[in-house]
Amino acid sequence: MIIEEKSQKGDIGNRQEKQRISIPPKVSAAAAAFSMFLVIIAMLLTSFQAAIYGDNRYRFYEKEYAKYQVTDSLGMKMEDVMDVTEYMMDYLIGKEEELSVTTDVDGKRQDFFNEQDRLHMADVRNLFLDGLRIRNICIAAAVLLILGLKLGKTDLKRLIPWSYFRAVLIFVVLILFLGLACMIDFTACFTIFHKIFFTNDLWMFNPAADYMIRMLPEGFFSDMALRIVGIFAGMLAAPGIVFALGKIRLRPSGNE
């Protein structure tokens, strides 16, 4: 009899524990949606890194330099331009502390970068590295939210795909809007981007005096933007394909 009473009390305690950690459906839906937004933001920031550093030989850059006749504009050999590029990329990722490369440019043996280049690229490096830190924070926060939902007895197999596709739809609309704006006037979008993310005018270079803007013309950034969008689209599609192949329902029931 005593054993039966203890067993009954244990069952009651277990039921109370389950009830206590149960998360209301609206809270679960909001947490899942937010976690998926964080995941997609992390994907977006990762796509920047993949587009910029996805090839350690920087063949994309070499093709762009040939496309825009950068060597002729700079009076440099392609191998020297690639050496400058490799050093610059190491600087942006934090492997080099000072942006300074002595090379043959414009018929002279001199430092490729001037003081304005160094000041602006310091801002770019801080922006890029901060973006990677934000990416890591987003991933960590998304994982914690998903673990919390799992502990809260949420049906993640239904809720996560539904939340993911809703978040993707919103991002796709934003990308289409930004893409249309860039197609209409990339220069204006490029200018707005810099005004949003930089607090100075150091990004406004003079091609007659600044070698870096000759090495990285506006067309290069336009092509890089397309490269980033392509990688981001592929990253967005991958989980969607997994969800679809798994035949997971996208819409959660009303009584989660």
Side-chain angles (χ1 to χ4, degrees), residues 47-132 178-179 181-232:
S47 68
F48 274 84
Q49 183 181 19
I52 296 170
Y53 287 97
D55 177 13
N56 59 8
R57 295 179 62 185
Y58 301 115
R59 285 171 289 192
F60 170 78
Y61 294 79
E62 187 172 0
K63 290 179 181 177
E64 290 292 295
Y65 295 155
K67 177 180 179 180
Y68 294 106
Q69 300 177 331
V70 164
T71 54
D72 293 339
S73 176
L74 292 169
M76 294 177 67
K77 297 178 180 178
M78 180 62 78
E79 61 186 50
D80 291 333
V81 178
M82 295 307 299
D83 286 341
V84 171
T85 299
E86 184 174 353
Y87 188 93
M88 179 180 69
M89 303 309 289
D90 285 345
Y91 172 81
L92 289 177
I93 201 69
K95 293 182 180 179
E96 298 289 347
E97 290 302 319
E98 183 181 1
L99 187 63
S100 179
V101 181
T102 300
T103 187
D104 293 316
V105 53
D106 222 6
K108 302 176 185 177
R109 186 75 179 171
Q110 57 184 309
D111 195 331
F112 184 87
F113 301 100
N114 59 32
E115 191 60 25
Q116 181 178 348
D117 296 335
R118 280 184 270 274
L119 291 173
H120 176 61
M121 295 304 282
D123 290 340
V124 173
R125 179 167 75 164
N126 290 335
L127 181 65
F128 181 71
L129 294 179
D130 285 346
L132 296 183
L178 291 174
C182 288
M183 288 177 62
I184 294 173
D185 193 340
F186 180 81
T187 300
C189 293
F190 188 71
T191 301
I192 291 171
F193 169 84
H194 281 80
K195 288 185 176 180
I196 291 174
F197 289 101
F198 298 99
T199 58
N200 52 56
D201 293 332
L202 293 171
W203 58 273
M204 299 180 69
F205 292 97
N206 177 10
D210 301 308
Y211 299 129
M212 194 169 68
I213 194 61
R214 293 193 222 169
M215 186 174 77
L216 303 172
E218 186 177 291
F220 169 87
F221 290 102
S222 177
D223 294 342
M224 177 61 79
L226 291 174
R227 179 177 168 89
I228 292 169
V229 169
I231 293 173
F232 184 45

Whether F190 and F221 hold their rings parallel, tilted or perpendicular, with breakpoints at 30° and 60°: tilted
Set of side-chain hydrogen bond (donor to acceptor under 3.5 Å, both in side chains) partners for S47, sequence neighbours left out: none
Near-ring test Y61/F220, centroid separation under 6.0 angstrom: yes
Test of ring centre spacing under 6.0 Å for Y53 and F128: yes
Salt bridge (Lys or Arg N to Asp or Glu O under 4.0 Å) between R118 and D111, intermediate numbers included: CA-CA 11 Å; R118 280 184 270 274; D111 195 331; 3.2 Å; yes
Does some side-chain heavy atom of [Y] sit less than 4.5 Å from a side-chain heavy atom of [X]?
{"X": "D117", "Y": "Y211", "value": "no"}
{"X": "L216", "Y": "Y65", "value": "yes"}
{"X": "V101", "Y": "D83", "value": "no"}

In Å and rounded to the nearest 0.5 Å, what is the [atom1] to [atom2] distance from [X] to [Y]?
{"X": "L226", "Y": "I231", "atom1": "CG", "atom2": "CD1", "answer": "11.5 Å"}
{"X": "M88", "Y": "M121", "atom1": "CE", "atom2": "CE", "answer": "5.0 Å"}
{"X": "D106", "Y": "Q110", "atom1": "CG", "atom2": "CD", "answer": "7.0 Å"}
{"X": "F48", "Y": "L127", "atom1": "CZ", "atom2": "CG", "answer": "9.0 Å"}
{"X": "M89", "Y": "E96", "atom1": "CE", "atom2": "CD", "answer": "13.0 Å"}
{"X": "H120", "Y": "F205", "atom1": "NE2", "atom2": "CZ", "answer": "5.0 Å"}

Stepwise side chain to side chain contact (heavy atoms under 4.5 Å, CB included) test for F60 and I52: CA-CA 9 Å; F60 170 78; I52 296 170; over 6 Å; no
For [Y], does its backbone N or O pair with a side-chain atom of [X] as donor and acceptor, under 3.5 Å?
{"X": "D201", "Y": "M204", "value": "no"}
{"X": "D55", "Y": "R59", "value": "yes"}
{"X": "D80", "Y": "M76", "value": "no"}
{"X": "D185", "Y": "A181", "value": "no"}

Stepwise side chain to side chain contact (heavy atoms under 4.5 Å, CB included) check, D123 with N200: CA-CA 10 Å; D123 290 340; N200 52 56; 3.0 Å; yes
Side-chain donor-acceptor contact under 3.5 Å, T187 with E218: yes
Side-chain donor-acceptor contact under 3.5 Å, S100 with Y87: no
How close do [X] and [Y] get, heavy atom to heavy atom, and via which atoms?
{"X": "N114", "Y": "A209", "result": "ND2-O, 4.1 Å"}
{"X": "A66", "Y": "M78", "result": "N-CE, 4.0 Å"}
{"X": "R214", "Y": "L74", "result": "CB-CD2, 3.6 Å"}
{"X": "Y91", "Y": "R125", "result": "O-CD, 2.7 Å"}
{"X": "R109", "Y": "D104", "result": "CD-OD1, 3.1 Å"}

Chi angles and distances behind the side chain to side chain contact (heavy atoms under 4.5 Å, CB included) call for I93, L132: CA-CA 10 Å; I93 201 69; L132 296 183; 4.1 Å; yes
R57 atom CZ: more than 12 heavy-atom contacts under 6.0 Å: no
Trace of the side chain to side chain donor-acceptor pair (under 3.5 Å) decision for D223 with Y68: CA-CA 11 Å; D223 294 342; Y68 294 106; 2.9 Å; yes
Worked check of side chain to side chain donor-acceptor pair (under 3.5 Å) between E64 and Y58: CA-CA 10 Å; E64 290 292 295; Y58 301 115; over 6 Å; no
